[in-house]
Amino acid sequence: MTPKTTPMTMIQALRSAMDVMLARDPNVVVYGQDVGFFGGVFRCTEGLQAKYGKSRVFDAPISEGGIVGTAVGMGAYGLRPVVEIQFADYFYPASDQIVSEAARLRYRSAGDFTAPITIRMPCGGGIYGGQTHSQSPEALFTHVCGLRTVMPSNPYDAKGLLIAAIECDDPVIFLEPKRLYNGPFDGHHDKPVVPWSKHPLGEVPEGHYTVPLESASVFRPGSELTVITYGTMVFVSEAAAIETGIDAEIIDLRSIWPLDLDTLVNSVKKTGRCVVVHEATRTSGFGAELTALVQEHCFYHLEAPIERVAGWDTPYPHAQEWAYFPGPARVGAAFKRAMEK
Amino acid sequence: MTPKTTPMTMIQALRSAMDVMLARDPNVVVYGQDVGFFGGVFRCTEGLQAKYGKSRVFDAPISEGGIVGTAVGMGAYGLRPVVEIQFADYFYPASDQIVSEAARLRYRSAGDFTAPITIRMPCGGGIYGGQTHSQSPEALFTHVCGLRTVMPSNPYDAKGLLIAAIECDDPVIFLEPKRLYNGPFDGHHDKPVVPWSKHPLGEVPEGHYTVPLESASVFRPGSELTVITYGTMVFVSEAAAIETGIDAEIIDLRSIWPLDLDTLVNSVKKTGRCVVVHEATRTSGFGAELTALVQEHCFYHLEAPIERVAGWDTPYPHAQEWAYFPGPARVGAAFKRAMEK
Amino acid sequence: MTQYEPLRLYVPEPTGRPGRHTDFSYLHLSPAGEVRRPPVDTQPADTNDLAYELVRVLDDTGRAVGPWAAATDPQLLRRGLRAMMKTRIFDARMLIAQRQKKMSFYMQCLGEEAIAVAHALALDSGDMCFPTYRQQGLLLAREDVDMVEMICQLLSNERDPMKGRQLPVMYSYKRAGFFSISGNLATQFIQAVGWAMAAAIKGDTRIASAWIGDGATAEADFHTALTFAHVYRAPVILNVVNNQWAISTFQAIAGGEGTTFAARGVGCGIASLRVDGNDFLAVHAATRWAAERARRNLGPTLIEWVTYRAGPHSTSDDPSKYRPADDWAHFPLGDPIARLKTHLIAIGAWSEQEHEAAQKELEAQVAAAQKQAESYGTLTDGHMRSAAEMFEDVYKDMPEHLRRQRQQLGV
Amino acid sequence: MTQYEPLRLYVPEPTGRPGRHTDFSYLHLSPAGEVRRPPVDTQPADTNDLAYELVRVLDDTGRAVGPWAAATDPQLLRRGLRAMMKTRIFDARMLIAQRQKKMSFYMQCLGEEAIAVAHALALDSGDMCFPTYRQQGLLLAREDVDMVEMICQLLSNERDPMKGRQLPVMYSYKRAGFFSISGNLATQFIQAVGWAMAAAIKGDTRIASAWIGDGATAEADFHTALTFAHVYRAPVILNVVNNQWAISTFQAIAGGEGTTFAARGVGCGIASLRVDGNDFLAVHAATRWAAERARRNLGPTLIEWVTYRAGPHSTSDDPSKYRPADDWAHFPLGDPIARLKTHLIAIGAWSEQEHEAAQKELEAQVAAAQKQAESYGTLTDGHMRSAAEMFEDVYKDMPEHLRRQRQQLGV
Ligand SMILES: Cc1ncc(C[n+]2csc(CCOP(=O)(O)OP(=O)(O)O)c2C)c(N)n1
Ligand SMILES: Cc1ncc(C[n+]2csc(CCOP(=O)(O)OP(=O)(O)O)c2C)c(N)n1
Ligand SMILES: [Mg+2]
Ligand SMILES: [Mg+2]
């Protein structure tokens with residue numbers, strides 16, 4: 001019997017994941033700034049406090065360090081806290097607790113204590129949020145061993161990955177591309193927003209299911225070119241493929257690190273050409289690691305240099321947002337360069 | 001007339017740089033944990049408080065965030081603070097002030113305010129310091145636009161780069177490989193330590209001079225293979241070159257980011273082979289960016305995949321330190337792999 | 001087996017919620033005029049009582065009473081009243097402009113105008129404020145900041161002094177003693193201490209003034225600021241604006257229950273005051289006291305300003321979801337503009353007619369500024385700073401890689 | 001032109017430096033027995049006086065006096081004395097082993113033994129401590145922690161329970177209520193609050209105890225811990241060990257001048273005590289009081305333990321460079337072991353002979369444990385955990401890339 005599905009936005013899918021896990025596991029708690037009574041500034045936790053009570057779902061002081069620090073302590077106790085950082089741009093005060101503590105606790109104590117925590121954070125631009133409501137800091141987390149970094153691109157994956165993250169015994173950084181909350185945004189900011197209800201990946205099972213960590217999805221099969229990407233850029237890459245007419249195979253990493261290397265290596269070996277796309281700043285972005293991995297594993301199959309398309313190496317500007325954002329035109333141009341050589 | 005030089009350890013060279021700048025520029029101030037009366041746990045600031053007084057050189061509370069935060073404020077006022085983070089492993093509490101503030105202040109205020117600050121931090125392992133006294137976090141800084149990241153490998157460069165950093169109007173992260181403080185360590189931890197007084201780069205001019213930022217040095221010319229590296233790994237790579245007999249050209253980046261791209265691109269175009277070496281954890285380390293840059297700029301010159309040698313993707317262990325450290329054997333093996341194919 | 005009950009998690013709640021009135025007795029108000037005014041060289045630990053009381057000057061009838069009532073020039077008070085009115089008018093118009101999509105975002109300071117305005121008038125020019133996004137009054141109280149320029153930033157148009165890079169309300173006016181506002185909460189609090197330390201290192205006479213909201217006091221930089229200010233006796237005023245809310249979060253979640261934000265200062269060895277932030281005269285007097293301490297090398301002062309965030313947090317917020325819709329109407333410290341107006345009329349330095357005339361004049365002023373600013377473009381009409389400028393000011397000099405990227409963008 | 005003198009930067013200094021005696025009057029001691037003992041359900045704000053006084057039980061003649069002097073079982077006191085002696089002997093031997101290069105590093109707690117030991121004996125098993133590197137007394141006071149295992153970690157040998165991954169003194173003993181020690185200061189302070197919140201969420205009866213040094217209170221996590229503990233009334237004891245020094249840095253640089261670390265707690269709405277940390281009875285009584293508050297859902301208690309770091313910071317430190325060499329000899333709160341010994345002898349529950357015998361017995365015990373541990377290897381003799389283990393425990397299950405790296409290393 002196939003499970004019952006409902007059309008959900010990404011916000012509803014994330015909420016549903018937390019709802020399922022709060023109901024299934026008494027050790028799951030959810031907290032963060034404004035997540036309690038109000039239900040979060042993006043409304044991801046709306047209704048959960050009323051349903052599960054104030055000691056399972058509650059507001060936290062404006063202290064990302066305190067939120068993650070208490071989560072580490074709760075994890076050490078045996079809970080599975082799911083905390084929200086209001087915007088990924090605000091994780092920095094929690095860096096020490098994330099990097100020096102959550103990520104290393106199992107290792108340094110030889111497994112005596114662990115930190116099975118999930119840290120949710122909306123990321124990415126495209127909402128005129130300026131430099132402090134638009135960042136995509138995933139690369140920083142991938143340099144920290146012990147962390148898992150995940151970024152879904154659609155409601156189905158969002159729910160399945162969030163449940164997998166909550167059930168995972170490692171600390172998981174769960175990045176949510178906020179521009180995808182309400183629909184599959186393809187980078188054409190001047191066109192009307194398409195809602196998730198119009199997209200097959202907006203059909204989400206109601207109960208418990210997981211999308212396993214470390215598994216990429218071939219979002220769009222193709223033969224001429226491999227595109228490795230994640231988050232919002234999945235849809236932008238799709239638009240670029242359609243607009244350029246290039247038969248690109250688009251791989252949605254879903255788990256950024258540790259990742260599903262085989263899927264991407266197999267694809268590049270098949271196509272011989274590769275474009276890496278992300279919204280984050282280019283230099284030392286995760287595209288650098290992807291480029292390095294591909295050239296290490298597929299060197300003799302590559303027919304052209306691997307192209308990187310990314311945000312410019314500047315803070316995310318406010319007014320020039322769309323000149324900053326790596327939209328379909330820039331991505332498409334890279335596809336063409338990768339095909340020309 | 002050539003300037004008078006003196007043999008100096010790296011510690012003496014760094015101290016000399018601060019001494020020169022404290023004397024030349026009344027806006028230079030030096031502070032950090034234990035740097036005042038005591039002169040720093042590595043003694044880099046010894047004698048400076050006695051010479052320049054307590055309001056130019058002073059102890060700070062154990063708060064990396066406060067140290068960098070006050071430095072940003074002092075920079076906005078017009079000073080040039082030079083602050084010490086006792087170990088690079090402890091910069092995390094200052095992340096928000098470094099990333100969101102120092103790096104972005106000029107941009108977000110359109111130049112109205114700037115943060116001309118220098119943040120010194122000893123980095124790297126090899127002293128049985130375990131996971132919290134051994135880290136090399138440079139990659140994290142290179143992903144943050146607005147920052148400059150610098151790492152000297154010898155006393156001459158250390159002084160010249162530190163003066164350049166202090167005089168620079170941008171915020172500079174100044175990483176000091178502590179294993180090089182007293183001598184050019186080549187990774188053979190079981191051999192006696194060679195002091196800087198026995199090395200030509202331990203001859204340091206007494207007065208003011210700079211090593212320009214964004215300039216790499218060809219540490220060892222060669223024709224068969226290009227090694228791109230920095231810090232301690234410069235000497236480890238040299239040892240590997242000698243031991244393997246491979247005529248490797250070793251490039252010491254000195255400025256990690258922004259970097260001197262031409263020097264490395266020219267070298268790789270010449271040799272056709274490239275190994276990137278750093279002590280930091282491999283995944284999303286700066287080696288990833290270097291690999292990506294080289295394959296982007298030298299794709300058609302490359303005769304073999306670019307090899308990366310780096311610390312393993314684990315925290316820096318204590319007892320297994322030398323199994324973790326990418327010593328001459330591991331580096332040499334990569335040289336051979338790069339030559340074989 | 002155990003003699004103890006199970007432990008329970010306590011989670012604070014406001015007394016009022018949509019459909020349920022707030023019981024404001026939690027505020028612990030002191031009657032106007034009753035709190036002592038110690039000499040400026042008082043010992044920090046001796047201000048403990050002041051951290052729990054509430055310094056107030058204006059009583060319910062608009063009279064200035066008690067030891068904090070200074071003989072303030074009515075001219076200055078009239079200036080203050082006009083600046084508060086201007087601020088409120090400015091906010092109201094910009095809100096409308098945001099709804100008309102001329103700008104992406106706006107944040108008003110409705111109900112909190114006295115704090116920034118009276119503070120600005122009590123500082124010297126040359127002093128440096130490190131504000132949050134809710135101290136536009138610091139700028140609007142000054143004669144030397146052009147409203148047209150401010151609105152150009154709000155509209156992100158081609159004359160935006162921040163070159164389009166910042167959110168609308170994140171001003172920077174070094175020449176007007178107004179530090180660049182950060183989107184990351186609290187960071188400015190410790191930077192202000194650094195600026196003040198720099199002034200002390202250089203033997204300057206200018207002081208710093210740091211700003212933070214009740215909610216943001218939970219951030220690390222609040223603590224580091226108190227620590228560094230105390231240790232080095234930095235010449236800085238540490239302002240905590242307790243407007244009872246941090247977006248949807250009541251101030252008890254930031255730690256306001258059973259204690260005060262001012263009490264944090266005393267614990268850290270900093271002289272501290274808790275002051276009625278809707279009382280223009282109290283704000284002015286307390287700021288003067290703190291500034292005097294700073295200038296006399298007596299060290300920092302922390303001031304908790306008790307007020308109420310009358311409007312939504314920002315144009316993205318809807319407070320009716322989490323608090324009584326008419327909460328402000330019941331807030332016991334009232335409206336700062338109405339209170340100063342009553343006082344000025346009571347002392348014969350103002351009249352209803354003058355008030356009405358000022359209101360009209362200021363409305364016209366703001367409208368004219370807006371009109372002029374809009375002639376340089378708005379967010380949506382494409383008249384914005386060029387994309388090429390996006391690559392500038394990342395570094396002092398543009399490095400090679402940014403030149404290449406600019407070229408790639410083709411601008 | 002200006003009426004003000006130039007500003008000056010104030011930088012605190014200790015009164016004593018090498019060659020110059022310390023004036024310890026800065027400590028503000030209360031006479032033994034003089035500080036009141038409020039009921040456990042006292043309001044946090046009402047503990048303000050206690051945050052500036054010093055709770056002491058043992059007077060100069062070794063008598064237990066005042067309201068904090070509980071009728072403590074002499075058996076427990078003898079146990080405490082022996083545990084303190086064992087701790088001191090353990091430290092002394094390990095110091096020598098470090099000088100012999102059998103281990104890379106060591107940190108002793110000389111002079112501070114009473115705090116961890118009496119605390120451990122006042123807690124229940126199941127309670128969880130979040131210690132710093134200077135609370136080895138918490139482990140050594142217990143019967144259920146094997147010294148041999150501890151020394152194996154110190155020696156980084158093949159039986160090191162931390163598998164060689166941690167610095168010698170960074171123990172982890174979940175089963176003994178001892179959280180994994182971090183090299184990054186202060187992080188454990190907020191984690192303890194999280195653990196306590198978890199206990200409250202689950203309706204547990206176990207409480208948490210958080211530890212931090214005077215120096216590390218300047219870190220953010222001290223502040224976040226106080227904030228979260230206060231807001232959620234977490235069942236946690238917040239211990240600040242003020243041993244006057246943070247490596248070379250005097251406690252005034254951490255903010256101890258003109259105030260106390262206990263006073264921070266009161267400001268944050270937390271019941272706070274300042275206690276003689278070298279007085280075993282005072283430590284035991286204060287811990288009991290705080291634990292009782294936590295267990296009765298009355299919320300957190302902050303305790304500043306006043307003591308002195310008698311030894312170097314670590315084996316990498318030389319305190320004669322920054323403080324008088326004989327400073328400890330003049331420290332007015334004396335030596336915790338000598339003081340408890342005097343008391344026990346005074347009440348007839350101990351004698352010089354018993355003391356000498358205990359000393360010998362404990363020395364033999366520690367020596368035997370060391371010998372056994374050394375038989376499993378030392379840092380330098382190569383008997384260490386395998387390099388393959390280096391790749392384990394990064395994640396619960398080893399991901400592909402770590403398998404590849406382990407393979408590359410050829411282990
Ligand atoms: C580090 C950080 N965390 C979270 C936010 C999101 N945020 C913006 S304003 C705000 C509430 C601040 O409340 P308060 O400090 O009381 O100031 P007020 O808005 O009441 O003036 C929050 C949570 C942020 N900007 N920065
Ligand atoms: C985040 C961080 N910053 C700096 C250090 C270096 N460090 C280790 S111990 C120490 C002094 C701590 O002093 P205190 O907190 O008073 O504890 P004590 O050593 O006196 O017990 C310092 C600065 C560190 N370990 N972590
Ligand atoms: Mg507020
Ligand atoms: Mg100490």
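Chain identifiers are assigned alphabetically (A, B, ...) following the order of the sequence lines, protein sequences preceding nucleic acid strands; residue numbering begins at 1 within each chain.
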In terms of heavy-atom proximity below 4.5 Å to chain A, should [X] be classed as side chain, backbone, both, or neither?
X	answer
D:Ile181	backbone
D:Asp160	neither
D:Arg404	side chain

Are any of the side-chain heavy atoms of [X] and [Y] separated by less than 4.5 Å?
X	Y	value
A:Ser63	D:Thr227	no
D:Met170	A:Arg108	no
A:Leu79	D:Lys202	yes
D:Tyr232	A:Thr70	no
A:Tyr107	D:Gln166	no
A:Trp257	D:Pro399	no
D:Ile201	A:Phe58	yes
A:Pro258	D:Glu400	no

For chain A, the option from [options] that forms the most heavy-atom pairs under 4.5 Å:
options	result
D:Ala225, D:Ala196, D:Gly194, D:Ala200	D:Gly194
D:Ala220, D:Ala234, D:Gly164, D:Ala199	D:Ala199
D:Tyr173, D:Tyr171, D:Trp195	D:Trp195
D:Asp393, D:Leu167, D:Thr224, D:Asp397	D:Asp393

Just so I understand: if I count every heavy-atom pair under 4.5 Å between each of [options] and chain D, which residue has the most?
options	value
A:Gly65, A:Gly146, A:Gly53, A:Ser55	A:Gly146
A:Asp262, A:Asp260, A:Ile67	A:Ile67
A:Gly66, A:Cys145, A:Gly111	A:Gly66

Measure distances from [X] to the heavy atoms of chain D and classify the residue's part below 4.5 Å as side chain, backbone, both or neither.
X	answer
A:Pro26	both
A:Leu147	backbone
A:Arg104	neither
A:Asn27	both
A:Val29	side chain
A:Ala76	both
A:Asp112	both

(request) Count the heavy atoms of every other residue, nucleotide or ligand shown that sit under 6.0 Å from NZ of D:Lys396, and state whether that count exceeds 12. (result) no
(message) Tell me if the CZ atom of D:Arg159 is crowded by more than 12 foreign heavy atoms within 6.0 Å.
(response)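 Open: at most 12 neighbouring heavy atoms sit under 6.0 Å from CZ of D:Arg159.
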(request) May I ask you to establish whether A:Arg106 and D:Tyr395 are in a cation-pi arrangement, using a distance under 6.0 Å from NZ or CZ to the six-membered ring centre and at most 45° from the ring axis? (result)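 Here A:Arg106 fails the 6.0 Å and 45° test against D:Tyr395.
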(request) Rounded to the nearest 0.5 Å, what's the gap from CZ on D:Phe179 to OH on A:Tyr77? Could you check? (result) 15.0 Å
(request) State the CG-CG distance between D:Asn184 and A:Asp96, to the nearest 0.5 angstrom. (result)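 Separation between the atoms: 5.0 Å.
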(request) Classify the side-chain pair D:Gln191/A:Gln97 by whether it contains a donor and acceptor separated by less than 3.5 Å. (result)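 Judged by distance alone, the side chains do pair up.
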List the atom of [X], the atom of [Y], and the distance in Å for their closest heavy-atom pair.
X	Y	value
D:Arg165	A:Ala110	NH1-CA, 3.5 Å
D:Ser180	A:Phe113	N-CE1, 3.6 Å
A:Pro61	D:Val231	CG-CG2, 4.4 Å

